[in-house]
Amino acid sequence: MEPSAKATYIREHLIAWYQEEKRDLPWRRTSDPYHIWISEVMLQQTRVDTVIPYYERFTKAFPTMKDLAAAEEDHLLKLWEGLGYYSRARNLQAGVREVIERYGAEIPKSREEISTIKGIGPYTAGAVLSIAYGVPEHAVDGNVMRVLSRLYALENDIAQAKTRKLFEHLVMDIISPDDPSSFNQGLMELGAVICTPQKPKCLLCPVREACQAFAEGKETILPIKTKKIKSKSVQYNGYVLQRADGKWLVEQRGEGLLAKMWQFPLIELEDTEWNTRYGIAWSETESVGEVTHVFSHLKWTVNVYAGKAEVDDQKAEVGVWVTEEELAKLPLPVPIQKMWNLRQAYK
DNA sequence: AATCCGGGGTG
DNA sequence: CACCCAGGATT
């Protein structure tokens, strides 16, 4: 198919299909650019079905940028708890504060300006601009790279950074000037529903006639992605300890992995200074089982111990004793929740 | 360009 | 188990 005719075909059939078949999602019922921004941040590396309840709670808790700007960090993280990539929440709040201070609470409408805002990268910039404001800008995510690599039978390695730029140029060549929102969302919707990673539903595809991969029988070998994940294993002993007054020992994590989230004390098995670090003397601790948790390139194995403890406040360097009610209000990463569930089940 | 940053669905 | 998801920040 001749290039400009192919672009026209894709625009028309993709948008018509999207208008007719699009899923009814919460962020498709709003025109508030701030709420659309929230949805795009939550959707980074995260599936639609996972995001929906988080989006509903978050927009209810922080309906305006002013509400989010004023939020406490623990409250913010509690509402993000379980969603992962917690820096997204902090960057979103920092970004909202920037928009209030520098742009009078109005999200900028140019790629150049919006890209300076914390947490808004090339994808989110294009998504917010096109969906909230109708600006014809590319929004290239994993779905779009997969769909376009098939439509144009491109064998570039989508794991490489420069390949994303190739797709950004391609989108700018073929994007609908009249409805960039439906065009961008149509590409993503197609990737999520029809042009899936495994077993694409080509017989249901609205743009199959323009798909070079389908024509050549390459739809299952595209896109090409080379990168491999090397994961490390780390072993811990973890302690769910209760004091005589009924309170539990927790501590707040520092920077890096699960930054600023709360946890029960974790000791790397190689760490021989645990007793001095916590200043704890405990008795009646017993093993209650093992927790495993897989991160992107890390695997935790935690031997969980429960018991009663007394702490020498003079020696304790870290840790806070909290009631069960206070514990419930702290943002706890999933592996820590697993530790708690294990201890409760063991009783 | 490579690495870090979560968690869950899917086969 | 491997893959991947409406990616961005940091180095």
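Residue numbers start from 1 in every chain, and the chains themselves are labelled A, B, ... in the order their sequence lines are given, proteins ahead of strands.
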message: Contact list please: residues 142-176 of chain A against DNA chain C, heavy atoms, distance less than 4.0 Å, in numerical order.
response: A/Gly142, A/Asn143, A/Arg146

Any N/O donor-acceptor pair, A/Thr46 side-chain to B/dG6 base, under 3.5 Å: yes

field: Nearest listed nucleotide, side chain of A/Lys232, among B/dC4, C/dA6, C/dC4
entry: B/dC4

task: With rounding to the nearest 0.5 Å, note down the distance linking CD1 in A/Ile114 to NZ in A/Lys109.
output: 9.5 Å

- request: Just call it for A/Ile36: base, sugar-phosphate, or nothing, with non-hydrogen atoms closer than 4.0 Å on any strand.
  value: nothing

message: Let's see if you can work this out: which of C/dA6, C/dG7, B/dC5 has an atom nearest to the side-chain heavy atoms of A/Gln45?
response: C/dG7

message: Under 4.0 Å, heavy atoms only, any strand: does A/Gly191 hit a base, just the sugar-phosphate, or nothing?
response: nothing

- prompt: Nearest to the side chain of A/Leu258 - C/dG7, C/dC1, B/dG7?
  reply: B/dG7

- prompt: Under 4.0 Å between a side-chain N or O of A/Tyr85 and OP1 or OP2 of C/dC5?
  reply: no

task: Classify the ring geometry between A/Trp340 and A/Trp248 as parallel (under 30°), tilted (30 to 60°) or perpendicular (over 60°).
output: perpendicular

task: Flag this pair as yes if the NZ/CZ of A/Arg88 is under 6.0 angstrom from the six-membered ring centre of A/Tyr86 and inside a 45 degree cone about the axis; otherwise no.
output: no

query: Contacts to DNA chain B from residues 115-123 of chain A, heavy-atom cutoff under 4.0 Å, which residues?
result: none

task: For atom CD of A/Glu72, decide whether the heavy atoms of other residues, nucleotides or ligands shown that lie under 6.0 angstrom number more than 12.
output: no

A/Gln242, A/Arg243, A/Lys247 screened by side chain to side chain donor-acceptor pair (under 3.5 Å) with A/Asp245, the one that passes: A/Arg243

message: Of the listed nucleotides (C/dC4, B/dG6, C/dG7), which one gets closest to any side-chain atom of A/Thr124?
response: C/dG7

A/Gln235 side chain to A/Ser233 side chain, donor-acceptor N/O pair below 3.5 angstrom: no

query: Base, sugar-phosphate, or nothing for A/Asp49, non-hydrogen atoms under 4.0 angstrom?
result: nothing

- prompt: Can we call the ring centroids of A/Phe58 and A/Trp80 under 6.0 Å apart?
  reply: yes

task: Answer with base, sugar-phosphate or nothing: what part of the nucleic acid does A/Val51 contact at a heavy-atom distance below 4.0 Å?
output: nothing

query: Just checking A/Pro223: base, sugar-phosphate only, or nothing, at a heavy-atom cut-off of under 4.0 Å?
result: nothing

task: Choose from B/dG6, C/dA9, C/dA6 the nucleotide whose nearest atom is closest to any side-chain atom of A/Phe295.
output: B/dG6

query: For the ring pair A/His75 and A/Phe62, is the centre-to-centre distance below 6.0 Å?
result: yes

Nearest-0.5 Å distance that lies between atom CD in A/Glu251 and atom CG in A/Leu330: 12.0 Å

Spacing of the P atoms in C/dG8 and B/dG8 (rounded, Å): 22 Å

task: Could you work out which one of B/dG6, B/dG8, C/dG7 sits closest to the side chain of A/Asp141?
output: C/dG7

message: As an exercise, state the distance from CG of A/Leu190 to NE2 of A/His13, rounded to the nearest 0.5 Å.
response: 13.0 Å

task: Check every strand shown and say whether A/Arg253 touches a base, only sugar-phosphate, or nothing at a heavy-atom separation below 4.0 Å.
output: nothing

